[in-house]
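Quick note: numbers below take in every heavy atom, side chains included, and nothing from hydrogens, waters or symmetry partners. Below, chains carry the letters A, B, ... as their sequence lines are ordered, and counting in each starts from 1. A quick note: this is a predicted structure, and the numbers were derived from the prediction, not measured.
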Protein chains: 2
Amino acid sequence: MVVQGAQVVGRVAALLRLVGRKPEGTSLAGLVRESGLTRPTVHRLLASLAAEGFLEHDSSSGKWVLGPEIFLLGSVAAARFPMEDIARPSLRRLATETGESAFFSIRRGNETVCVLREEGSFPVRSFVLHEGVRFPLGVASAGTAILAFLPAEEQEALLAEWAEHAGDFSDGHPADVVRENLEQTRLAGYSVNPGLILEGSWGMGAAVFDQQGRPAWALSLTGIEPRFRPERQEYLGKLLLEEAHRMTARLQGTS
Amino acid sequence: MVVQGAQVVGRVAALLRLVGRKPEGTSLAGLVRESGLTRPTVHRLLASLAAEGFLEHDSSSGKWVLGPEIFLLGSVAAARFPMEDIARPSLRRLATETGESAFFSIRRGNETVCVLREEGSFPVRSFVLHEGVRFPLGVASAGTAILAFLPAEEQEALLAEWAEHAGDFSDGHPADVVRENLEQTRLAGYSVNPGLILEGSWGMGAAVFDQQGRPAWALSLTGIEPRFRPERQEYLGKLLLEEAHRMTARLQGTS
DNA sequence: AGATTTCATCCACATTATGGACAGCATCCA
DNA sequence: TGGATGCTGTCCATAATGTGGATGAAATCT
């Protein structure tokens with residue numbers, strides 16, 4: 001998987017992903033911490049990425065943010081990944097129908113990345129999840145919904161080295177809790193995150209399947225605990241599954 | 001401008017831009033030609049970019065295309081560059097009103113990059129311009145409209161080394177023709193490209209200005225020569241200027 | 001005003017990326 | 001059928017490239 005003689009490419013990619021996590025930008029020190037690289041190296045790579053227009057350095061805040069070239073390349077790439085067109089209507093329906101915030105996440109390797117958000121009308125909202133945020137598979141409702149429907153051996157591979165895979169999240173997500181959660185998800189069809197990431201901040205998710213029948217994306221809803229009591233879960237789950245089925249059908253149909 | 005000790009970053013950036021030019025993808029050999037790098041180097045960089053998800057290698061066609069990570073980062077970056085929301089309505093109006101195809105391009109250094117397209121109803125369409133295509137400033141109607149309203153010294157800097165700047169386009173665009181064209185553009189407010197890139201394929205453009213009053217974007221229309229006769233140019237130019245003014249006002253107002 | 005944290009830059013060193021060379025496939029043509 | 005052409009993928013000795021410890025300046029906190 002790893003290509004010889006391209007160390008920097010990996011480092012650059014990691015830095016771009018880290019910067020992309022926070023729309024408001026990240027400081028040099030933060031990136032040094034999160035990347036594990038030395039400061040001079042991070043600084044040089046950031047500066048050269050900025051010279052290429054892939055990043056920008058907000059001189060007032062000193063933070064680094066994604067630059068115009070990323071936006072431009074992204075617009076071109078979006079033609080091959082018409083997620084916006086396909087997912088947005090479902091998100092709108094979910095958000096207006098339930099009042100919660102609705103999200104569309106995409107699987108990328110052993111992570112999920114949140115791509116789209118649609119705010120609900122309910123006045124208390126959680127900001128744990130937003131565009132660009134990444135979670136390890138099995139963490140958060142979207143990643144649980146996806147992991148639950150991956151081939152058993154892939155699930156086992158991740159669970160076998162769970163602490164390493166889940167990183168900072170392994171504290172709040174012990175492997176046995178996750179196992180139980182995946183089992184529940186397979187039974188119900190949808191996943192429930194009972195505030196495991198942030199107390200009181202609940203979520204539910206349902207997987208969307210690609211043409212090969214693999215769970216590649218997920219729809220999810222987030223909100224506060226009182227809005228996710230058991231009696232309402234069934235209703236929310238039904239809505240999520242409905243929209244997930246609709247998207248899956250649409251994606252099977254295309255091409 | 002160029003950062004020391006970051007050769008690869010520049011190379012990677014150049015390759016990504018080259019790949020982004022053609023939505024259908026580019027072959028290794030093509031990228032070797034266009035980048036001026038050696039084949040092993042290009043291959044290694046492409047392979048490692050693909051391992052990171054920044055590119056994908058279509059194994060049937062053997063071509064390299066932009067990958068999912070670019071799409072994901074692009075979605076995050078799009079929040080800082082809300083061009084779609086602001087430009088799309090103007091493009092719609094231009095396309096429906098005129099029947100020609102309408103485009104929105106953005107200035108990036110000494111180039112313009114086409115970001116958005118809206119097809120017109122007229123059944124003969126040119127495909128010289130599409131999302132991701134880059135032209136040197138002063139080439140094509142969008143780049144002419146922008147260049148014409150840059151500070152005189154910046155214009156002169158480019159015209160002074162025109163052959164180098166315009167590259168392959170310098171044949172069809174001699175410096176004195178461009179100078180005359182810029183003059184005309186300043187007089188009329190809008191630019192006209194009388195089939196200089198491809199015979200019979202005409203275009204007209206108008207610049208959109210940022211908060212500092214600098215021409216940073218452009219709206220343009222393209223079509224075949226009979227649709228751009230002098231009597232119609234005035235009408236098309238008026239529409240372009242109207243929409244460009246509207247966008248400029250909207251952009252001044254925001255923030 | 002001293003302590004602490006963050007940012008920017010230098011430069012000797014060796015790790016890392018480079019590219020010439022080789023190998024494997026197609027396709028085309030004599 | 002053979003060999004000429006054009007493409008992709010890989011190896012590895014070489015040196016050019018990127019690295020990171022160290023230093024200093026600047027900003028922020030106590």
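Heavy-atom distances under 4.0 Å link DNA chain D to A/V8, A/R11 of residues 8-16 of chain A, given in residue order. Against DNA chain D, the stretch residues 33-42 of chain B makes heavy-atom approaches under 4.0 Å through B/R39, B/P40. Taken residue by residue, residues 20-31 of chain A places heavy atoms nearer than 4.0 Å to DNA chain C at A/S27, A/L28, A/A29.
Nucleotide D/dG9 holds its P atom 9 Å from the CG atom of B/L46, rounded to whole Å. When the C1' atom of D/dT8 is taken as reference, atom CZ of B/R44 falls 15 Å away, rounded to whole Å. In this structure, the CG atom of B/L45 is 13 Å from the C1' atom of D/dT17, given to the nearest Å. Put simply, CG on A/D58 is 13 Å from P on C/dC7, counting in whole angstrom units.
Side-chain contact of A/T144 with A/S141: a donor-acceptor pair under 3.5 Å is absent, judged by distance alone.
Screening residues 70-83 of chain A for salt bridge (charged side-chain N to carboxylate O under 4.0 Å, His left out), with sequence neighbours left out, gives A/R80-B/E56. Among pairs with a residue in residues 162-171 of chain A, none fulfils salt bridge (charged side-chain N to carboxylate O under 4.0 Å, His left out), at least two apart in sequence or across chains.
Residues A/E131 and A/K22 are not paired through a salt bridge, judged by the lack of any N-O separation under 4.0 Å between the basic side chain and the carboxylate. Ion pairing of B/E69 with A/R17 is present here, as a side-chain N (NZ or NE/NH1/NH2) and a carboxylate O approach within less than 4.0 Å. Comment: B/E118 does not engage B/R125 in a salt bridge, judged by the lack of any side-chain N to carboxylate O separation of less than 4.0 angstrom.
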Can I get a per-line list of side-chain donor-acceptor pairs under 3.5 Å for residues 156-163 of chain A, giving both atom names and the distance, sequence neighbours left out?
{"from": "A/E156", "atom 1": "OE1", "to": "A/R179", "atom 2": "NH2", "distance (Å)": "2.8"}
{"from": "A/E156", "atom 1": "OE2", "to": "A/R179", "atom 2": "NH2", "distance (Å)": "3.1"}
{"from": "A/W162", "atom 1": "NE1", "to": "A/H173", "atom 2": "O", "distance (Å)": "2.7"}

Using distance only, find each side-chain donor-acceptor pair of residues 193-201 of chain B under 3.5 Å and give its atom names and separation, not counting sequence neighbours.
{"from": "B/N193", "atom 1": "OD1", "to": "B/G195", "atom 2": "N", "distance (Å)": "3.4"}
{"from": "B/N193", "atom 1": "OD1", "to": "B/L196", "atom 2": "N", "distance (Å)": "2.9"}
{"from": "B/S201", "atom 1": "OG", "to": "B/S126", "atom 2": "OG", "distance (Å)": "3.1"}

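Partners of A/E84 under the salt bridge (charged side-chain N to carboxylate O under 4.0 Å, His left out) rule, at least two apart in sequence or in another chain, are A/R88. In this structure B/F71 satisfies the ring pair (Phe, Tyr, Trp, His ring centres under 6.0 Å) test together with A/F81, sequence neighbours excluded. A/V76 is linked by a side chain to side chain contact (heavy atoms under 4.5 Å, CB included) to B/L66, counting only residues two or more places apart in sequence or in another chain. For B/H57, the ring pair (Phe, Tyr, Trp, His ring centres under 6.0 Å) test picks out B/W64, with sequence neighbours left out.
The side chain of A/Q7 contributes an N or O atom lying less than 4.0 Å from OP1 or OP2 of D/dT19. For B/H43, no side-chain nitrogen or oxygen approaches OP1 or OP2 of D/dT8 to under 4.0 Å.
In this structure, B/F149 and B/F209 have perpendicular ring planes: the angle between them is above 60°, well past the 30° mark.
Recorded end-axis angle for the helix from C/dA1-D/dT30 to C/dA30-D/dT1 stands at 30°, based on five pairs per end and rounded to 10 degrees.
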